[in-house]
Amino acid sequence: RETGALSEHLDTVMTGGDNAQKQAVHQLAAALLDERRKVDGKRLPLEKAFYADPAFRRKLLEAFEDAFASEKTAERQEVLARCVGAVGDPAAVDALTRRLEPKTNVAVRRAIVQALGMLQTDRVVEPLIGALSDPDDFVRNAAVGGLSRPSRRTDASVAALHRALGDTALPVRLTAASALGAWGDPA
């Protein structure tokens, strides 16, 4: 994909009319996920992915923040959160965490927790532990999934997974049990 066209999609997300923004955000998400699959599948080196460009990453975070500042639709906020997660930039932790609050639409909270789980930094452990208190079962399950990555095995994450074994939702309990089992924890 041509980086210029994708940057134009991002510009349209930020400045276009409502219909143009809606179309552009979905085109951007599709391109980003396609590029991410290529990188994850080792068919494209990360440094050649269009989303590796620091300017693109900054602009994407700006679009994510703008979607809340200008009260764009929850759909746009959700798709941009998924885009931020797909990019995987650890610099996004604070922006995502700021929006992880009860007044945020549940679909957006779900996307934010999934995005946090995709970031390659231990800085996500605290917000993921906080998400275990969310009233939505899916948010809590996504938080457990994010905490269960081997690179996130800390005393705090293990303790949180132990607490998740007592969650009211069966999928949350099963995900926590699976993660602890994979780590050799007898709980």
Side-chain angles (χ1 to χ4, degrees), residues 9-33 36 51 56-149 152 156-157 159-161 163-164 166-173 175-176 179:
H9 287 318
L10 193 48
D11 288 339
T12 302
V13 168
M14 296 174 74
T15 61
D18 280 346
N19 286 337
Q21 286 183 13
K22 186 175 183 175
Q23 182 178 0
V25 77
H26 286 285
Q27 289 173 327
L28 178 65
L32 231 170
L33 292 174
R36 182 64 192 239
Y51 62 81
F56 177 84
R57 290 175 175 215
R58 281 191 301 276
K59 193 185 246 185
L60 178 61
L61 276 179
E62 185 180 327
F64 175 75
E65 292 281 13
D66 181 62
F68 289 88
S70 56
E71 298 187 24
K72 298 294 182 190
T73 65
E75 177 187 11
R76 190 157 316 137
Q77 294 166 353
E78 176 187 358
V79 174
L80 285 168
R82 292 187 188 289
C83 288
V84 170
V87 167
D89 187 355
V93 172
D94 293 336
L96 291 166
T97 302
R98 266 193 301 281
R99 302 304 175 183
L100 192 55
E101 54 189 7
K103 71 177 186 177
T104 300
N105 175 285
V106 68
V108 178
R109 291 196 322 270
R110 290 172 177 178
I112 288 171
V113 170
Q114 287 178 314
L116 285 167
M118 294 174 75
L119 303 183
Q120 299 299 318
T121 177
D122 290 340
R123 290 186 51 230
V124 301
V125 171
E126 186 177 325
L128 289 172
I129 289 172
L132 292 174
S133 302
D134 195 279
D136 184 69
D137 296 353
F138 185 92
V139 169
R140 294 192 313 276
N141 197 42
V144 168
L147 287 170
S148 67
R149 295 181 187 270
R152 301 214 175 105
S157 62
L161 292 174
R163 286 191 304 277
D167 195 275
T168 58
L170 179 61
V172 176
R173 293 192 310 266
T175 303

Side chain to side chain contact (heavy atoms under 4.5 Å, CB included) partner of Leu10, the single match among Glu62, Gln27, Lys59: Lys59

Just by distance, do the side chain of Arg99 and the backbone of Thr104 share a donor-acceptor pair under 3.5 Å? no

Between Ala29 and Val79, which heavy-atom pair has the shortest distance, and what is it? CB-CG1, 3.7 Å

May I have the step-by-step check of side chain to side chain donor-acceptor pair (under 3.5 Å) for His26 and Glu75, ending in yes or no? CA-CA 10 Å; His26 286 285; Glu75 177 187 11; 2.8 Å; yes

Can you tell me how far CG of Leu132 sits from CG of Leu147, rounded to the nearest 0.5 angstrom? 6.0 Å

Residue pair Glu78, Arg82: steps toward the salt bridge (charged side-chain N to carboxylate O under 4.0 Å, His left out) verdict: CA-CA 6 Å; Glu78 176 187 358; Arg82 292 187 188 289; 3.2 Å; yes

Can you tell me which residue among Asp134, Asn105, Asp136 is in a side chain to side chain donor-acceptor pair (under 3.5 Å) with Arg110? Asp136

Got a second to check how far Asp167's CG is from Asn141's CG, nearest 0.5 Å? 8.5 Å

Shortest non-hydrogen contact from Gln114 toward Ala142: CG-CB, 4.0 Å

Which heavy atom in Leu80 sits nearest to a heavy atom in Ala63, and how many Å separate them? CD1-O, 3.6 Å

Under 4.5 Å between any side-chain heavy atoms of Cys83 and Leu60, yes or no? yes

Going from CG on Leu170 to CZ on Arg173, what distance comes out if it is rounded to the nearest 0.5 angstrom? 5.0 Å

So Asp89 and Gln120, do their side chains get closer than 4.5 Å, heavy atoms only? no

Checking the side chain of Arg152 only, and the main-chain atoms of Ser157 only, is there a donor and an acceptor separated by less than 3.5 Å? no

When rounded to the nearest 0.5 Å, the distance separating CD of Gln21 from OG1 of Thr15 is 7.0 Å

Min side-chain heavy-atom separation Arg163-Ile129 under 4.5 Å: yes

Tightest non-hydrogen contact, residues Val113 and Ala143, listed as CG1-N, 3.4 Å

Nearest atoms (heavy-atom pairs only) where Ala20 meets Thr12: O-CG2, 3.6 Å

Mind checking whether Arg36 and Tyr51 have side chains closer than 4.5 Å, heavy atoms only? yes

So, Gln77 side chain and Val108 main chain: donor-acceptor pair closer than 3.5 Å or not? no

The single option from Thr97, Thr121, Val125 that satisfies side chain to side chain contact (heavy atoms under 4.5 Å, CB included) with Leu116 is Thr97

Counting only N and O atoms by type, is there a donor-acceptor contact under 3.5 Å from the side chain of Arg149 to the main-chain atoms of Gly117? yes

Quick check: are there more than 12 heavy atoms from other residues, nucleotides or ligands sitting under 6.0 Å from NZ of Lys22? no

With a 6.0 Å cut-off (strictly less than), is the heavy-atom count around CD of Glu126, excluding the residue itself, greater than 12? no

Spacing of CZ belonging to Phe56 relative to CG belonging to Leu32, to within rounding of 0.5 Å: 5.0 Å

Does Ser148 use its side chain to pair, donor to acceptor, with the backbone of Gly145 at less than 3.5 Å? yes

Closest contact, heavy atoms only, Ala115 versus Ala81: CB-O, 3.4 Å

Pair Asp94-Arg123, side-chain contact (heavy atoms from CB on, under 4.5 Å): steps then yes or no: CA-CA 9 Å; Asp94 293 336; Arg123 290 186 51 230; 2.7 Å; yes

Point-to-point distance, once rounded to the nearest 0.5 Å, from CZ of Phe64 to CD1 of Ile112: 4.5 Å

Is there side-chain contact between Arg109 and Pro135, with at least one heavy-atom pair below 4.5 Å? yes

